[in-house]
There are 2 protein chains.
Amino acid sequence: MIKSISTGRTQQGYFSPVEKQMFGAALLADPDTSSPFSDVLSIAESGCSSSLLQQLTSVTKRFRHLKPEQYLLRQQDQFDSLFVVKKGALKSYRLTPEGEEIVTGFYMEGDVIGAGGLGNHKHFYSVVALEPSSLYEIPFAKLLQQSAMEPIVQQLMLKLLSQEMQADQSLRLIQLKQVKAAIASLILNIANRLTATQITLPMSRVDIANLLGVASETVCREFTRLQKQGLLSVNRKHIVINDLPQLQLAAGGDCY
Amino acid sequence: MIKSISTGRTQQGYFSPVEKQMFGAALLADPDTSSPFSDVLSIAESGCSSSLLQQLTSVTKRFRHLKPEQYLLRQQDQFDSLFVVKKGALKSYRLTPEGEEIVTGFYMEGDVIGAGGLGNHKHFYSVVALEPSSLYEIPFAKLLQQSAMEPIVQQLMLKLLSQEMQADQSLRLIQLKQVKAAIASLILNIANRLTATQITLPMSRVDIANLLGVASETVCREFTRLQKQGLLSVNRKHIVINDLPQLQLAAGGDCY
DNA sequence: CGTACGTTTGAGGGATATCAAATGTGGTGG
DNA sequence: CCACCACATTTGATATCCCTCAAACGTACG
């Protein structure tokens, strides 16, 4: 457990800011249990009680289970549902006209996937599992067809969208950093989510490179450099954080 | 008028993709006129007719007029309203802990501002006018309090959010390009919006640099280089497109 | 055991940053 | 209307970061 990393805030797509409540954990509460909803009341930031979650869990139509390299959805797929990651890790990406992969996000427990496709009823990226994963499926399109949506559900929807928006913003900010700082941020973020100083990355060096828009060799070299400086121990995908304060410093502060 | 640039799609924050209808123009229709709504029926992508616009215009509480360097909103401001640009140009930005400005978007006619703040009721960037601007104000927070929102208005809201999301995505993709390609994309985008081969940039070189995450000198040099290659004529903020096909090529295709 | 693939390391080149200075340009006050 | 100042833009020289091509190295998997 890392005390100083864990700020008690939920991250979206690895890079979300600002949320103060364990928002993701809320949705992760098993739909057929009834008690753990108390965490969640703050979602709508009103006293709206558990009806919100009941609404949601009642519309969580089914679950999806994916093996590594299986696709959750593909670019240009019709938008039908939102997904919330229950367990596992996934990446989303687009292809350039030249066929290069541009990774647009990583998703772990509690993250919401697919909100961006809502506007024009098409997803604009593909999502594939990096490890065995299970997800909640929320039939969003169906919700929209209802003549009048419960206001509290509306608020949740909007919150989901807004969260994905902020995740995108954060990702943009990461990309502006130097590679070393970006990687430090990435490691800190994952460690934060898993509340562990010792993590196993779900994604490859190439995936990280494609997220940051740099060459995979550069990612390797920066990992090596962070290790030589004593901040990390790196062995393939196994990472151990050795000097947390220095790593935070290298990340340029996790302030954004 | 540039034929080949004008694809008839609306851009959001300069970089939005995908929208096929003149979405912005819809909202720009003067609220007290009654006819020019026909363009707009496609917004909700159903045959929902003009009730949508009536809803919207009925809630467009008031207008905001800003002189250059006046602020529309500030980071951490409470979220109350969405804004739609009627005329002018604005930029949004955040400050790094070191006080550097990170430009998060430019906004022109028809663009929507502020959707990202919806989730946690706070705006996460400041927005300032680059030139004399006027905006529609949509009291969004108030809309949310209504016990049941018209489904068609819900759809519009979601579309607005989704559009801002796609704009963010597009911006990320731009940032991954080389500076030359990014600048070419920027010019093409503005020219596209204004349907003119001859444009006056509303933003400074520094603003562009802060958007792309590069040094302002680099932006200058790339402008110069594009001019030397005969693609553009550059005089301060006055830009003339001389070789459209080549410029599109330099942008890496406007495919994303 | 061997192959396939992801990772790591090396050398050289290109793109961009940084520091510095020159050049306009618009605005302000005389 | 002109002189001057403040500021944005442009250009130059050098340093740094990152890319590209290449090869070596492990590690997992058949």
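Because the structure is predicted, anything quoted here is derived from the model rather than measured. What's counted below: heavy atoms across the whole structure, side chains too, no hydrogens, waters or symmetry copies. Order of the sequence lines sets the chain letters (A, B, ...), proteins ahead of strands, with each chain counted from 1.
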Query - From D:dA8, C:dA17, C:dT8, nucleotide with atom closest to A:Cys220 side chain - result: C:dT8
Query raised in the report: With nearest nucleotides of DNA chain D determined for B:Arg205 and A:Thr218 from heavy-atom distances, which residue corresponds to the more 5′ nucleotide?
Result: B:Arg205
Report task. Specify the separation, in whole Å, of atom CZ of B:Arg225 and atom P of D:dT10. Result -> 14 Å
**Report entry** Steps toward salt bridge (charged side-chain N to carboxylate O under 4.0 Å, His left out) verdict (B:Asp111, B:Lys86)
**Finding:** CA-CA 8 Å; B:Asp111 286 334; B:Lys86 180 181 181 184; over 6 Å; no
Query raised in the report: How long is the line joining CD1 of B:Ile183 and P of D:dT10, in whole Å?
Result: 10 Å
Query raised in the report: Taking atom C1' of C:dA17 as reference, at what distance in whole Å does atom CD of A:Gln178 sit?
Result: 9 Å
Report task. To the nearest 10°, let me know how far the axis at one end of the helix from C:dC1-D:dG30 to C:dG30-D:dC1 is tilted from the axis at the other, five pairs an end. Result -> 40°
**Report entry** Flag side-chain contact, heavy atom, 4.5 Å: B:Ile190 against B:Met203
**Finding:** yes
Query raised in the report: If you find the nucleotide of DNA chain C closest to A:Glu217 and the one closest to B:Val179, which residue's nucleotide is nearer the 5' end?
Result: A:Glu217
Requested in this report: Could you tell me whether B:Lys180 contacts a base, only the sugar-phosphate backbone, or nothing, with contacts defined as non-hydrogen atoms closer than 4.0 Å?
Outcome: nothing
Query raised in the report: Between B:Arg205 (side chain) and B:Arg236 (backbone), is there a donor-acceptor pair under 3.5 Å?
Result: yes
Query raised in the report: Between A:Tyr71 and A:Tyr93, what is the ring plane arrangement, given parallel below 30°, perpendicular above 60°, and tilted in between?
Result: perpendicular
Report task. Round to a whole Å and report the spacing from CG of B:Asp207 to C1' of D:dA8. Result -> 11 Å
Query raised in the report: Can you check whether A:Arg236 has a side-chain N or O nearer than 4.0 Å to OP1 or OP2 of D:dG26?
Result: no
Requested in this report: May I ask you to decide whether B:Asp77 forms a salt bridge with B:Lys122, counting only side-chain N to carboxylate O separations under 4.0 Å?
Outcome: no
Requested in this report: Would you kindly give the CG-to-P distance between B:Asn235 and D:dA8, to the nearest whole Å?
Outcome: 17 Å
Query raised in the report: Can you check the B:Glu101 CD to D:dA8 C1' distance for me, whole Å?
Result: 15 Å
Query raised in the report: For the pair made of NE2 in A:His238 and P in C:dT8, what is the distance, rounded to whole Å?
Result: 12 Å
Query raised in the report: Within less than 4.0 Å of OP1 or OP2 of C:dT9, is there a side-chain N or O belonging to A:Thr224?
Result: yes
Requested in this report: Would you classify B:Gln227 as touching base, sugar-phosphate or nothing, given that sugar-phosphate means primed atoms plus P, OP1 and OP2, and contacts are heavy atoms under 4.0 Å?
Outcome: nothing
Requested in this report: Calculate the interatomic distance between A:Glu222 atom CD and D:dC18 atom C1'; express it in whole Å.
Outcome: 9 Å
Query - Side-chain N,O (B:Arg221) to OP1/OP2 (D:dT10) below 4.0 Å - result: no
**Report entry** B:Lys91 NZ/CZ over B:Tyr107 ring centroid, <6.0 Å and within 45° of normal
**Finding:** no
Query raised in the report: Any chance the rings of B:Tyr136 and B:Phe83 have centres within less than 6.0 Å?
Result: no
